[in-house]
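Report on one structure; see the data block that follows.
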Amino acid sequence: MEPENKKEHFIESIIIKDIENNKNDGKVCTRFPPEPNGYLHIGHAKSICLNFNMANKFNGKCNLRFDDSNPAKEKQVYIDSIKSTVNWLGFEFGTPFFASDYFERLHDFAVELIKKGKAYVCSLSADDLRQYRGTLTEPGKDSPYRERSIEENLNLFTRMKNGEFDEGEHTLRAKIDMSSPNINLRDPIIYRVKKAFHPRTHDQWCIYPMYDFAHCLSDALEGITHSLCSLEFEDHRPLYDWTLDELETPCHPRQIEFARLNINYTVLSKRKLQRLVEENHVQGWDDPRLPTLEGIKRRGYTPESIRNFCDIIGVSKKESRIDMTILENCLRDDLNEKAPRVMAVLRPLKVTIENYPDDKTEALTAKNHPQKEEMGTRTITFSRQIYVEQDDFMEDPPKKFFRLGPGREVRLRYAYLVTCQKVIKDESGNVTELICTYDPETKGGNAPDGRKVKGTIHWVNANDCIDAEVRLYDRLFKDENPEQDKQDFIENLNPHSLEALESCKLEKSLINAAPETAYQFERLGYFCLDSKNADKKNPVFNRTVSLRDVWAKRSKK
RNA sequence: UGGGGCGUCGUCAAAUGGUAAGACACAGGGUUUUGAUCCCUGCAUUCAGAGGUUCGAAUCCUCUCGCCCCAGCCA
C-alpha cells in the first residue's frame with residue numbers, strides 16, 4: 001500500500017518539467033486557498049495534501065491563504081477551524097495569508113486597470129447586466145457605460161470606495177470582450193459594493209474584489225508558481241491570465257486544474273452538508289458520520305490514514321467517485337499497526353461457569369498486539385461470571401459456525417476452553433444466560449491433550465468491567481450516489497446510520513482511554529472515546545471502522 | 001445547439017509510438033488463541049466506437065458516441 005513506486009501524476013510531471021527548464025528559478029510555491037465560509041471536509045484534504053506535498057517534495061513552500069473576499073459569508077470561527085484542521089492533518093504553514101491583507105494593493109491594481117482603459121464602472125442593474133451578458137449560444141452586448149472616460153471611471157470608483165453608493169448601484173468591470181464565447185471574458189465584474197462587516201478588515205471597506213480579480217493577484221503577490229484548483233475553474237483560466245498580463249505583477253503563476261474528490265455513499269458539497277446540519281439530520285458539523293474533517297477526526301480517523309488515502313487515489317482530470325472502502329482500508333491499515341487490542345462486549349450475554357469457584361478471581365495476561373511484542377501485555381481478570389457477545393451464540397448453529405452452541409466448546413481468548421451446557425431463556429423464549437463448564441487444564445487457552453478448538457471468542461469479566469455507550473456508524477446514505485438530482489438527496493439518508501448501544505461491557509483498562517485514541521476491540525473493530533462525551537461516569541465510544549468480516553459477509557449471502 | 005474539459009478492469013490509476021503497472025474490490029488457497037492481520041494464486045488479447053497513418057497505436061490523424069462544467073454583484 002506504500003506509494004513507493006507511485007508514478008508521478010500529471011501535475012507533478014508539469015512541475016518537474018518546469019524545474020528542469022529553470023522556470024521560476026527552479027522554485028516551487030503552492031497554496032491552499034479556502035474561503036472561510038464553512039468547515040473543511042475530506043475533499044479539501046485532497047487539495048491540502050496535493051498542495052503541501054508538491055511544495056514539500058520539491059523543497060518549496062505552501063501557503064495557507066484565506067480567500068476572504070466576500071464578507072457576507074465569512075466568519076472567524078471558520079478561520080480558526082480551518083487552521084487547526086490543516087495542522088491536525090499534519091501540515092505546517094507558518095503564518096497564514098489572507099486575501100484581505102491585499103485589499104489595498106488589489107484596489108491599486110484596479111485603479112491601474114482603469115487608467116489603462118481596461119476597466120470601467122458599469123451602472124447596469126443586476127437584471128440588466130444579465131440581459132447584456134447574452135447566453136451560452138448568443139454573444140453579449142456592450143454595456144452603455146462601457147465607454148465612460150477614464151476620469152469619470154476613476155471618480156466613480158473612488159466614490160464607490162468611499163461608500164457613496166448603495167450595493168448594486170455600480171460595479172467595476174474589466175473591459176475585455178462581450179462577444180467572447182467564454183462567458184467569463186464578457187466584461188466580468190471585478191469589484192462590487194458590499195456593505196458588510198468583514199471578520200478581519202471590519203468596516204474598513206465597502207467594495208470587495210471578486211474571486212477572478214483577487215485570486216490571481218493574490219497568487220502573484222505571494223510568488224505562487226503553481227496555482228492548483230478544481231476543474232470548474234478551467235473556464236476562468238483565460239481571465240486569470242488576462243488579469244496578470246494586463247497588470248505589472250511580481251510573477252505569473254500557472255493555474256492547473258484537477259478533478260475534485262467524490263466518494264460514494266456520502267456528499268461532499270458544502271451546500272448539502274449544510275442542509276444535513278441545519279435540518280438536524282446529523283448532530284452538528286462534527287457529527288462522526290459526516291465527511292467533514294472535524295467529524296472524521298472525532299470518529300477516530302487518523303491524519304496518517306487520510307494522507308495515505310490522498311496519495312493512493314491519485315490526481316487526474318477525470319471526474320471520479322472513489323469507493324468508500326478505499327478510505328476505510330487506509331484507516332484499517334494504519335490502525336492495525338498502532339491500535340492496542342482490548343476486549344469489549346457490545347451486546348452482552350451473561351455466562352456462568354458453573355464449575356468455577358464462586359469467590360475466585362484470576363489474573364490473566366493478554367497481549368496488546370498479536371504481532372508486536374514491543375507493545376507489551378496487560379492483565380485482565382476472569383471469574384465465574386462473564387459476558388460474551390450475543391452473536392457468538394446460536395441455539396441451532398449452521399455448519400462452520402465456530403462459536404458457542406449447545407454442547408459446543410470454544411476458547412475464551414487468553415482464558416480457558418469452555419463448553420456450553422445449558423441455555424436459559426425468559427418467558428418469551430429469548431436466551432438470557434448460558435451455563436458453561438470450563439476445563440481447568442486449559443488455562444491460557446491451550447489443551448494439554450492437543451485437541452483442536454477452532455473458535456476463539458472475546459469476553460469480559462462481569463465483576464470487573466465498565467459500562468459504556470457505544471455508537472456504531474454506518475454509511476450516511478443508502479444509495480451509492482446520493483448527489484444525483486433525480487430526487488432530493490435527503491430522501492436517500494440511511495435511517496440506520498447511527499446505532500447507539502447502551503450498557504456495553506468494556507474491559508477495565510479502558511477507563512484510561514483518551515479521546516480520539518484508537519483501540520481495537522478484538523473481533524469487532526476500531527473504537528475511540530468520543531471527545532464530547534468523555535465523562536468517566538458515562539463514557540461514550542465511537543466505532544471508527546469495523547474489522548473486515550468475511551464470516552458476516554458470507555452469512556449474508 | 002457556443003465555449004471549455006474528460007472517456008484504460010466493478011472502482012481509482014500508470015503507460016509520454018515498442019507490444020496493457022499497481023491499489024481497492026472480487027474469487028480461490030495457506031498461516032493464525034481476533035472468521036482480524038499476514039502470505040500465495042487468479043482477475044483487461046484490450047484501452048468509448050469506427051476508420052486511417054505506421055514494421056508497430058491506449059498513445060498520432062479523422063469522424064462518431066457518451067459524460068461533466070460555464071449565463072452569481074459566490075468562491
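Letters A, B, ... are given to chains in the order of the sequence lines, protein chains preceding strands, and every chain is numbered from 1. Just so it is clear, the values below take in all heavy atoms, side chains as well, and ignore hydrogens, waters and symmetry mates.
Between Y211(A) and H215(A), the distance separating the two ring centers is shorter than 6.0 angstrom. When ring centroids are compared, F521(A) and F527(A) come within the 6.0 Å threshold. Taking the six-membered ring for Trp and the full ring otherwise, the centers of F157(A) and H107(A) sit less than 6.0 Å from each other.
Between Y438(A) and F382(A), the ring-plane angle classifies as tilted under the 30° and 60° cut-offs. By the 30° and 60° cut-offs, the orientation of the rings of H198(A) relative to F103(A) is perpendicular. Note: H41(A) and H44(A) have tilted aromatic rings, judged against thresholds of 30 and 60 degrees for the angle between ring planes.
Distances shorter than 4.0 Å separate none of the side-chain N or O atoms of K400(A) from OP1 or OP2 on G35(B). Phosphate contact (OP1/OP2 of G35(B), side-chain N/O of R523(A), threshold under 4.0 Å): present. Between K454(A) and U32(B), a side-chain N or O to OP1/OP2 separation shorter than 4.0 Å is absent. Regarding contacts with the backbone of C6(B), every side-chain N or O of S316(A) stays at 4.0 angstrom or more from both OP1 and OP2. Contact annotation: N329(A) reaches the phosphate of A25(B) (side-chain N/O to OP1 or OP2, under 4.0 Å). T325(A) has no side-chain polar atom (N or O) that falls below the 4.0 Å cut-off from OP1 or OP2 of A25(B). Side-chain nitrogen and oxygen atoms of K17(A) include none within less than 4.0 Å of the OP1 or OP2 phosphate oxygen of U16(B). Of the side-chain N and O atoms in R332(A), none sit less than 4.0 angstrom from OP1 or OP2 of C24(B).
U8(B) atom P lies 16 Å from atom NZ of K317(A), rounded to whole Å. For R321(A) and A13(B), the CZ to C1' distance is 18 Å, given to the nearest whole Å. When rounded to the nearest whole Å, the span between CD of E257(A) and P of G5(B) equals 8 Å. Atom P of nucleotide A75(B) and atom NE2 of H44(A) are separated by 15 Å, given to the nearest angstrom. Between D212(A) atom CG and C73(B) atom P there is a gap of 11 Å when expressed in whole angstrom units. In this entry the distance linking CG of D549(A) with C1' of A25(B) reads 17 Å, nearest Å. Rounded to whole Å, the distance from CZ on F157(A) to C1' on C73(B) is 13 Å. Atom C1' of nucleotide A36(B) and atom CZ of F402(A) are separated by 14 Å, given to the nearest angstrom.
Separation of the C1' atoms belonging to U54(B) and C69(B) is 37 Å when rounded to the nearest angstrom. When the P atom is compared between C47(B) and G7(B), the two are found 15 Å apart, to the nearest whole Å. Nucleotides G17(B) and U11(B), compared at atom P, are 28 Å apart to the nearest Å. Only the C1' atoms considered, G49(B) is 10 Å distant from G66(B), to the nearest whole Å. G56(B) and U19(B) have their C1' atoms separated by 8 Å, given to the nearest Å.
Out of C12(B), C73(B), A75(B), the shortest distance to the side chain of D67(A) is found at A75(B). Listed candidates were G5(B), C24(B), A75(B). Nearest to the side chain of Y211(A) is A75(B). Residue L129(A) has its side chain nearest to C73(B) when only U32(B), C6(B), C73(B) are considered.
Counting non-hydrogen atoms of neighbouring residues, nucleotides and ligands closer than 6.0 angstrom, the CZ atom of R260(A) reaches no more than 12 such neighbours. At most 12 non-hydrogen atoms from other residues, nucleotides or ligands lie less than 6.0 angstrom from NZ of K367(A).
Geometrically, K317(A) does not engage F258(A) in a cation-pi contact, judged by NZ or CZ lying under 6.0 Å from the ring centre and within 45° of the ring axis. For the pair R200(A) and F98(A), the cation-pi test (distance below 6.0 Å, angle within 45°) is passed. Both tests hold for R475(A) against Y265(A): distance to the six-membered ring centre under 6.0 Å, angle to the ring axis within 45°. Relative to the ring axis of Y208(A), K194(A) does not place its NZ or CZ within 45° and under 6.0 Å from the centre.
Within 4.0 Å (heavy atoms only), T171(A) reaches at least one base atom of the nucleic acid. Looking at heavy-atom distances under 4.0 Å, S180(A) makes no contact with the nucleic acid at all. Across all strands, E35(A) comes closer than 4.0 Å only to sugar-phosphate atoms, never to a base (heavy-atom distances). As judged by a 4.0 angstrom heavy-atom cut-off over every strand, Q520(A) is placed among the base-contacting residues. If you check every strand for non-hydrogen atoms under 4.0 Å, L124(A) touches a base. At a threshold of 4.0 angstrom between heavy atoms, the contacts of Y414(A) include nucleobase atoms, whether or not backbone atoms are also involved. If you check every strand for non-hydrogen atoms under 4.0 Å, P238(A) touches nothing. Residue S125(A) is classed as a base contact, given a heavy-atom separation below 4.0 Å to a base. At a threshold of 4.0 angstrom between heavy atoms, the contacts of E522(A) include nucleobase atoms, whether or not backbone atoms are also involved. Here L547(A) lies in heavy-atom contact (under 4.0 Å) with a base. Note on V545(A): nothing from the nucleic acid sits closer than 4.0 angstrom, heavy atoms only. Among the protein residues, F309(A) comes within range of no part of the nucleic acid, since none of its heavy atoms lies under 4.0 Å from any strand.
Side-chain atoms of R237(A) and base atoms of G4(B) include no donor and acceptor less than 3.5 Å apart. The base of A25(B) lies outside donor-acceptor range of the side chain of E328(A), with no N or O pair under 3.5 Å.
By the side chain to side chain donor-acceptor pair (under 3.5 Å) test, R408(A) pairs with no residue at all, sequence neighbours left out. In this view, D392(A) and E389(A), R403(A), I457(A), H458(A), R523(A) satisfy the side chain to side chain contact (heavy atoms under 4.5 Å, CB included) rule, not counting sequence neighbours.
Base orientation of G72(B): syn, the glycosidic angle falling within 90° of 0.
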(request) Produce a footprint string for nucleotides 66-72 of chain B: one letter per nucleotide, 5' end first; B if the base is under 4.0 Å from any protein heavy atom, S if only the sugar-phosphate is, - if neither. (result) --SBBBS
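Side-chain contact of N481(A) with E483(A): a donor-acceptor pair under 3.5 Å is absent, judged by distance alone. If you check the side chains of S180(A) and N182(A), you find no donor sitting under 3.5 Å from an acceptor.
Of the possible donor and acceptor atoms, none in the side chain of N308(A) sits under 3.5 Å from a partner among the backbone N and O of E304(A).
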(message) Could you go through Y78(A) and Y39(A), starting from their C-alpha distance and side-chain angles, then the distance that decides it, and tell me whether this counts as ring-ring contact (aromatic ring centres under 6.0 Å, His included)?
(response) CA-CA 6 Å; Y78(A) 300 133; Y39(A) 296 93; 5.3 Å; yes
Mind listing the N/O atom pairs, protein and nucleotides 28-30 of chain B, below 3.5 Å?
none

With 3.5 Å as the limit, what N/O pairs link the protein to nucleotides 40-44 of chain B?
none

(message) As a check on the pairing definition, encode RNA chain B in dot-bracket form, counting Watson-Crick and G-U wobble pairs whose two distances are under 3.5 Å, and using | for partners outside this strand.
(response) .((((((..(((.....[...))).(((((.......))))).....(((((..]....))))))))))).....
